[in-house]
Protein chains: 2
Amino acid sequence: MSAYDDLMAFQRETEALGEVAGRLGWDQETVMPLGAAEQRADEIAALEGVLHARRVDPRIGEWLEAAKPEGEVAAAQLRHIRRVYERTARVPARLAAELARVTSVSQGQWARARATDDFAAFAPVLENVVALKREEADCLAAGGDPYDALLDDFEPGATAANLSEMFGALRPRLVALRDAALASPVQPAALEGEFPETGQLEISRRLAIAFGYDFTRGRIDKAVHPFSSGSGNDVRITTRTAPLDPFNCFYSTVHEVGHAAYEQGVDPAYALTPLGRGVSMGVHESQSRIYENQLGRSQAFTGWLHSQMSDVFGDLDLGAGAFYGAVNRLHRGFIRTESDEVQYNLHVLLRFDLERQLIAGSLAVGDLEEAWNARFEADFGYPVERASQGVLQDVHWSVGLFGYFPTYTLGNVYAGCLYRALREAVPDLEADLSQGETAAATGWLREHLQRHGGLYPPRETVERACGFAPNEEPLLDYLEEKFGAIYGL
Amino acid sequence: MSAYDDLMAFQRETEALGEVAGRLGWDQETVMPLGAAEQRADEIAALEGVLHARRVDPRIGEWLEAAKPEGEVAAAQLRHIRRVYERTARVPARLAAELARVTSVSQGQWARARATDDFAAFAPVLENVVALKREEADCLAAGGDPYDALLDDFEPGATAANLSEMFGALRPRLVALRDAALASPVQPAALEGEFPETGQLEISRRLAIAFGYDFTRGRIDKAVHPFSSGSGNDVRITTRTAPLDPFNCFYSTVHEVGHAAYEQGVDPAYALTPLGRGVSMGVHESQSRIYENQLGRSQAFTGWLHSQMSDVFGDLDLGAGAFYGAVNRLHRGFIRTESDEVQYNLHVLLRFDLERQLIAGSLAVGDLEEAWNARFEADFGYPVERASQGVLQDVHWSVGLFGYFPTYTLGNVYAGCLYRALREAVPDLEADLSQGETAAATGWLREHLQRHGGLYPPRETVERACGFAPNEEPLLDYLEEKFGAIYGL
C-alpha cells in the first residue's frame, strides 16, 4: 500500500463515521423519543471525540508528506484532506473543547431568550460565543483576515471583500425592486383555504418525484425544521406542514430535494471520500435554490402544481394565473425563512454586515439589537417590534455559525448564473416544467455540476457549469424580469 | 482523577459508542432506504473498528491494575470491564477480522440457501464459520471447555454440563406433555378471521402500555423480525403484522416489551456503564418470556385481550374461554419462532445438542442436516420435509452465534422460577391481569430483578429475585398444570 492508499483508507473510515454522526442528527430530529435527549448528547459527544481524534491524527501529516498523488482526482482528495487537517491543527484542543462545551448549551439559552423576546438575557451567552469564535478565527487566520478564516469553513476560497462587492451591487437594486413591488397598484392575491396534512404530504411526495429525488436512496419524514442529511446512498430529507400555508411545505420539500439531489448526484466513485459530497454551502444552496425558485416557482411549473393541488384538494379559489402570483407574492414580514425571493437576500446582507463587525470587534454584542433594528428599518421600511422577529430569530450565531449566512445569498447568485446557462442548454424548459417534468433540467445540473462533488473548488465548480465567471447580474436580471412582470412594473 | 475514574470515563464513551452502533442496527431494520445497504455496511465496519480498538486499548489493562474499587458497584463494574478486556485480548486480531469478514457475508449466503432449500449450497460456508468459531473458542477457553467459552459470551458463568443436566430433566417431561396434549380428545379451536393491520397495531400499543412500556423513552415500529434495541433512555421495539395471525403481532410485542422493560428498568445510576443493561441473554429472555407467557398468555390476561380485540375488531368467533385455548393451543409445526410454550423448548434442546457437537468436532457440517432431521422426528413425531423448515430455519449459526440458543430455554426456566415467586408476592395477580393491569407484577420484577442490571452475576440475579436456587421444576410444574387444564389431561 502506498502512503496515498493508506491515507485514503483511513479517510474512508473517518467519512463513514461522519455519516454515522449525521444519521444521529437525523434520528434526533425525526424519530428519537423525547426522553433520550440527554443520553443522545453523550452519544454524540463520544462520536465527535472519535472524529476529532481522527482529524488530528499525526499519521495524516506523515501520509500527506509521503503521498504522491496521480491525476486530478487524487490531487483534489489530498487538497481537501490537507485543508481540514491544517485547519483542525491550528485550533488548540483546549479552545476546541471549550467551543464545543459552550455551544452545546447556548442553543437552549437562545431558544429560551427568543421565547421571551429577551435579548438582554441572551447577550452574555452570545458575548462568550463571539469571544471564543474571535479567538478561533485568529488561530485559523494565521495572520490573515479573521472573518475570512471563518467563512472558509463554509465556502473555501471566498473572501469578505469579494462578497461585499457582490452584495453591494445587489442591495440597491433589491431594495428598489422591493419598494416598487410593494408600492405597485398590481398586488397578487394570496391563496386562501385550509389544506389538510395528508394532502400536503401527498403533494410533497409528488414534488419530490417530479424533481427526481431517489427514494431508493432516501426518505421523507416530518420534522420541526426542514433539512437534508447524509450523502451518497442515504440522503434523507424532512418537511413540515401548516394547514393554512401549504407553500411552506411544498417549497421546503423542493428546496431540500435540491440539496439531496446534489448529494445523490455525486459520482459514486467518490463515495465516502472528501469528494463525495457537495463542495461548499454556497454551491449547495445554489442547487436547493434553483430547484425551489427558478424551476419550482416558475410560471410553467406552478401551472402544474396548481393542477396537482386541485387534484388533491378540489377546486382552488385562484386560477392558474393568479396562483402563480400567490406563490411569488412579496409580503411585509420579519422572518428570513418565511421571506420571498426578493427580500430574502436583504435579510442575509443585514446579517453578513453585522457578523463581520462582531468578529472584527467593531460592534459590541450589547449594541447588536439596536444595530439590527436600525438596519432592518432602513432596508425594509418598517421597524422590528420584538427580538424574536429580529436579532433572536435565527439559531446560527448561538451555536457559533459565523460566516455561514452569506453562503445563502451566494447560493442565490450562483443559482442565477446556472439558470441563465440552463435556459440556453434546455430550450424546451418551460414546456417541460408546465408538465411537471424536470428531467432535462435536473439532468443538466447533475451532469454539469452535481456529479463533480468536491473535485473543483466551489467557484470553479459553478464557473465550469455555467460557462462564465459567476456574478450577480443574472440573478438581478431574473428577479427584475420576473417580479416586474408579476407586479406590472 | 483516580485510575478507576479514568477507566470509567473511558468506558462511558465506549458504552455511548456501543449505543450508537445499536441505533444503526435499528435504523437498518426499520427506516433505512434499501439502496443504502452497502454504504451502511461500511459505516458499521468503521464504527466496529473504533469499538474494537477501544476494547483492546492497553490503557484498560493499566487502569485495571491500578484501580482500587470501593464498594459493590465499583467491584462489579471492574468485573465486567476486566472480563471483556481479557476475552477480547485472547482472540488474535487476524482471527477477529476474519470472523467479522466471513460472517458479514455468510448471512446473505444462508438466506439464499434457505430460499432454495439447499443445505448443500450453504454447507461449505457454514464449515468455514464453524472452523473459525472453533479456533476462537480454543483461544477463549485457554485450556477449558471450548463450547463453554462461547456460551460465556451470552451467559457468563453457565456451563454446558449444568445446562445439559437441566435440559436433560426437561426433555422427557416436555415430550410426554406434547404427546399427551396432541393425542387428547380435547383440542382447543384456533381463532378464525382476518384482522387488519391498523387494528393490530392499535392493540399492540394498548398491550405495550398495559405492560408499562415507557413511550417517552422508546417507540414501536414495524420490522420484518420483532426485536428490542438500545438501553437506558432509548429502548426501541419493533413488531410485525399478518392479517390471519394477530397473536403473532400481539405476543411479539409483549415479548419485546419484556426485553425493553428490563433495559428501561435498570437503575439510572448505571446509565452508560457495563451495569446499565440486562446482565445476560438468559436473564433477558426470562423477562421477555414471563411478560409474554406466564403473564400475557394467562387465562386472566387473555380475558382482557379478548375484550380489547372485540372492541377493535367487533365480535370474535370465540368466547373468552375458548379464546384462552386458541391463544395457547399446541400445533404441528417445524419453526421454532412459531412454536408454543411446550414445544418451543424442544426446538432449543435440539439445537443445543447439535451445536455442542459441531464445536466439539464430533459432528461434521456435512452430516448436520441428517442429524437435525433424525432428532426432530424423534422429539416431534413427524419428519422434516425441507431444509428451510429444518436446519436452515434460523440465522444464528450463519453469523457465528454458537452458545446463544440455550439461553432461550434457560430464560424460560428462569421465568418459571420468577413466576412462582411472583405469585406469592402478588396475591391479587389474577384479578389484576383480568383487568389488563400489570403494575404490581411488573413493579415486582423491576424492584427485585430489572433495576440491578449487571450488578450481580446472571444466576445470582435470578436467585436473589426468586429466593431459591433456579431450577427447572417450577417451569415444568407450570406447563403441566396449565396445559393439563387446557387439554383435559
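Computation of the quantities below employed the complete heavy-atom set of this structure, encompassing side-chain atoms and omitting hydrogens, waters and symmetry-equivalent molecules. Residue numbers start from 1 in every chain, and the chains themselves are labelled A, B, ... in the order their sequence lines are given, proteins ahead of strands.
Between Glu202(A) and Arg206(A) a salt bridge is recorded (basic side-chain N to carboxylate O distance below 4.0 Å). Salt bridge status for Arg40(B) with Glu43(B): present, with a side-chain N to carboxylate O gap under 4.0 Å.
Screening Arg277(B), His284(B), Arg236(B) for a side chain to side chain donor-acceptor pair (under 3.5 Å) involving Glu263(B) leaves a single residue, His284(B).
The closest donor-acceptor contact from the side chain of Tyr270(A) to the backbone of Arg451(A) lies at 3.5 Å or more, if one exists at all.
Of all the listed residues (Ile44(A), Asp221(A), Val31(A), Asp214(A)), the one sharing the greatest number of non-hydrogen pairs under 4.5 Å with chain B is Val31(A). Per-residue heavy-atom pair counts under 4.5 Å with chain B were compared for Arg217(A), Arg219(A), Glu13(A), and the maximum is reached by Arg219(A). When each of Met32(A), Glu19(A), Arg23(A) is checked for heavy-atom pairs under 4.5 Å with chain B, Arg23(A) comes out on top.
Looking at Asp27(B), only its side chain comes within 4.5 Å of chain A, counting heavy atoms on both sides. Residue contact with chain B, scored on non-hydrogen atoms closer than 4.5 Å, involves the backbone and the side chain of Leu47(A) alike. For a residue to count as touching a neighbouring chain, one of its non-hydrogen atoms must lie under 4.5 Å from one of that chain's; by this rule Val235(B) does not touch chain A. Proximity to chain A (any heavy atom under 4.5 Å) is restricted, for Leu24(B), to the side chain, taken from C-beta onward.
Thr30(B) approaches Lys222(B) most closely through the heavy-atom pair CG2-O, 4.0 Å.
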Between Leu7(B) and Gln77(B), does the side chain to side chain contact (heavy atoms under 4.5 Å, CB included) criterion hold? Intermediate values first, please. CA-CA 10 Å; Leu7(B) 175 56; Gln77(B) 300 283 20; over 6 Å; no
